[in-house]
Amino acid sequence: MVRWETVKEEIVMFQAVCFDFDYTLGDCTDSIVAGFVHGLTGLGWPAPDRETVRGTVGYLLEDSYTMITGDCDPDRRARFRALFSEIAVERQRKETVLYPGGTELLRGLKARGVKTAIVSTKRGDTIEIILERLGLADTVDLVVGSADVKRHKPDPEGLLYALDRLGVRPEDALFCGDTVLDAGAAKNAGTHFAAVLQGTTPREAFDSFPTDYIAPKLADLARWLEI
């Protein structure tokens, strides 16, 4: 278990630490942008700029499509996912890197005997292949991806499912993420939450959520967890 002192000098121990993936642990920006360009232009929309795409990372792909285009048609939303996947899935599996400190953080939690999971709107099999390629598959106990749940963050379904599989109560777990979707999922699940500011969400966006810690980088999160 991970142990540290809170601001009230109470000793807290986490039996599990769960993570979002994109912009929390890993960076897939180039492949995601390529997938969005292919998907949107294939449906007759203009190619999006990089920052527009980055602002949607963390949302379900279909919702990202609607955020950018305003189009809610279910058939075109589904077609966008298919077109995106033609380009992005294989590239993500080959090109994704972890942020500095990510490898050490996952290995450190494993060494401490802390249970870990990834709960993401990305495809679970893609995350598993990335971890395998990076030699980190044995550091994560469970991956919950977009196909594993019916309701996505901020709904707590994925996070609660992971904790049930890990055998850990929500109050004994920490969820780490870069968006208000992650913060909302942690609040709704009843877990602790740590924000990681490596994505596009500013620090002040987390002010309305119960947040145990805000980490500018993964290395800061590791130091806070005493890893």
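What you see below is based on every heavy atom in this structure, not just the backbone, and it leaves out hydrogens, waters and symmetry mates. Keep in mind that what you see is a predicted model, and the values were worked out from it rather than measured. Note that the numbering runs from 1 along the sequence shown for the chain.
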With a 3.5 Å cut-off and no angle check, do the side chains of [X] and [Y] form a donor-acceptor pair?
X: D71; Y: Y65; answer: yes
X: T24; Y: Y99; answer: no
X: D63; Y: T66; answer: no

Salt bridge present between [X] and [Y] (N-O < 4.0 angstrom):
X: R54; Y: E51; value: yes
X: D155; Y: K150; value: no
X: K217; Y: D220; value: no

Test of understanding: with salt bridge (Lys or Arg N to Asp or Glu O under 4.0 Å), list the residues that count as partners of E86, not counting sequence neighbours.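 For E86, no residue satisfies salt bridge (Lys or Arg N to Asp or Glu O under 4.0 Å) once neighbours in sequence are set aside.
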So, using salt bridge (Lys or Arg N to Asp or Glu O under 4.0 Å) as the criterion, who are the partners of D178 when residues are at least two apart?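 Expected list: none.
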K122 and its side chain to side chain contact (heavy atoms under 4.5 Å, CB included) partner, picked from L61, I32, V143: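 Option passing the side chain to side chain contact (heavy atoms under 4.5 Å, CB included) with K122: I32.
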For F84 together with H38, are the ring centres under 6.0 Å from each other?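 Not close enough - the centres of the two rings lie 6.0 Å or further apart.
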What distance do [X] atom [atom1] and [Y] atom [atom2] have between them, rounded to the nearest 0.5 Å?
X: I214; Y: E204; atom1: CD1; atom2: CD; answer: 9.5 Å
X: C28; Y: R93; atom1: SG; atom2: CZ; answer: 11.5 Å
X: R107; Y: T103; atom1: CZ; atom2: OG1; answer: 5.5 Å
X: I130; Y: T96; atom1: CD1; atom2: OG1; answer: 3.5 Å
X: M67; Y: E62; atom1: CE; atom2: CD; answer: 13.0 Å
X: E90; Y: S31; atom1: CD; atom2: OG; answer: 10.5 Å

Heavy-atom closest contact ([X] atom, [Y] atom, distance):
X: L106; Y: F19; value: CD2-CE1, 3.9 Å
X: Q198; Y: L218; value: OE1-N, 3.3 Å
X: L159; Y: A186; value: CD2-CA, 4.0 Å
X: A47; Y: V37; value: CB-CG1, 4.1 Å
X: P46; Y: L40; value: O-CB, 4.1 Å
X: V119; Y: A162; value: CG2-CB, 3.9 Å

Say whether [X] and [Y] are linked into one hydrophobic cluster, either directly or through other cluster members, by side-chain heavy-atom distances under 4.5 angstrom.
X: L60; Y: L43; value: no
X: V140; Y: L136; value: yes
X: V144; Y: F14; value: no
X: L160; Y: I118; value: no

Plane angle bin for W224 and Y213 - parallel if under 30°, tilted between 30 and 60°, otherwise perpendicular: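 Correct class here is parallel.
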For F175 and F193, take the angle between the two ring planes, folded into 0 to 90°, and tell me which bin it lands in: parallel under 30, tilted 30 to 60, perpendicular over 60.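 Tilted.
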As a quick check of understanding, evaluate side-chain contact (heavy atoms from CB on, under 4.5 Å) for L174 and L225, giving each step before the final call. CA-CA 10 Å; L174 173 73; L225 290 172; 3.9 Å; yes
Examine distances only and state if a side-chain atom of [X] and a backbone atom of [Y] form a donor-acceptor pair shorter than 3.5 Å.
X: S85; Y: R81; result: yes
X: T56; Y: V53; result: yes
X: E157; Y: V149; result: no

Would you say the side chain of T116 lies within less than 4.5 Å of the side chain of C18, judging by non-hydrogen atoms?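 No, their side chains stay 4.5 Å or more apart.
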Side chain to side chain donor-acceptor pair (under 3.5 Å) partner of K153, the single match among T121, D20, N188: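 Result: among T121, D20, N188, D20 is the only option passing the side chain to side chain donor-acceptor pair (under 3.5 Å) with K153.
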Give the intermediate values and the outcome of side chain to side chain donor-acceptor pair (under 3.5 Å) for residues T201 and Y23. CA-CA 10 Å; T201 306; Y23 294 160; over 6 Å; no
What's the verdict on side chain to side chain donor-acceptor pair (under 3.5 Å) for S146 and R123, showing C-alpha distance, side-chain angles and the deciding distance? CA-CA 5 Å; S146 58; R123 285 174 49 157; over 6 Å; no
Pairs touching residues 131-142 that satisfy side-chain hydrogen bond (donor to acceptor under 3.5 Å, both in side chains), sequence neighbours left out: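 For residues 131-142, and leaving out neighbouring residues, there are no side-chain hydrogen bond (donor to acceptor under 3.5 Å, both in side chains) pairs at all.
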